[in-house]
Amino acid sequence: MGNILRAFAFNELELEPATEYDSEETKAAREKADRLEDLFLETLQAEQRGAYEQFRDAQLEEEYLYNIDRLILGYRLGVLMTMEVFTDRERLSIRGEGH
């Protein structure tokens with residue numbers, strides 16, 4: 001299953017979401033970050049811009065890989081929780097049966 005999760009995480013399964021969702025908070029945060037980055041870039045010289053863009057790209061790559069690991073870990077946790085429901089089902093009781 002690890003290979004399927006990696007393929008899913010790296011967008012190699014070509015799955016398309018049924019709906020696209022962006023909350024107002026997400027949009028506002030993205031717009032604020034874009035405005036601040038534009039303002040910051042205006043103050044930098046050409047050489048400094050290149051260094052900043054390399055730094056930004058490195059951070060984005062790190063965040064992307066971190067989020068992939070979180071997706072896989074979260075999925076595995078969900079599966080473990082589901083397994084626990086099925087393996088511990090004998091501990092559940094139906095009202096009126098045996099009590």
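Residues forming a salt bridge (charged side-chain N to carboxylate O under 4.0 Å, His left out) with Arg30 (at least two apart in sequence, or on another chain): Asp22. Scanning for side-chain contact (heavy atoms from CB on, under 4.5 Å) contacts around Phe86 gives Thr82, Arg89, with sequence neighbours left out. Thr26 pairs by the side chain to side chain donor-acceptor pair (under 3.5 Å) definition with Ser23, not counting sequence neighbours. Applying the side-chain contact (heavy atoms from CB on, under 4.5 Å) criterion to Glu63, with sequence neighbours excluded, gives Leu60, Asn67. Residues passing the side-chain contact (heavy atoms from CB on, under 4.5 Å) test with Met83 are Val79, Leu80, sequence neighbours excluded.
Within a 6.0 Å sphere centred on CZ of Arg70, other residues, nucleotides and ligands contribute 12 heavy atoms or fewer.
With hydrophobic clusters built from ILVMFWY side chains whose heavy atoms lie under 4.5 angstrom apart, Tyr64 does not share a cluster with Leu73.
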For residues 32-44, please give each side-chain donor-acceptor pair under 3.5 Å, one per line with the distance, not counting sequence neighbours.
residue, atom, partner, partner atom, Å
Glu37, OE2, Tyr52, OH, 3.1
Glu37, OE2, Arg56, NH1, 2.7
Thr43, OG1, Phe40, O, 2.6

*asked:* Using side-chain contact (heavy atoms from CB on, under 4.5 Å), reason through Arg76 and Ile72 one step at a time and then give a plain yes or no.
replied: CA-CA 6 Å; Arg76 287 182 174 158; Ile72 292 170; 3.8 Å; yes
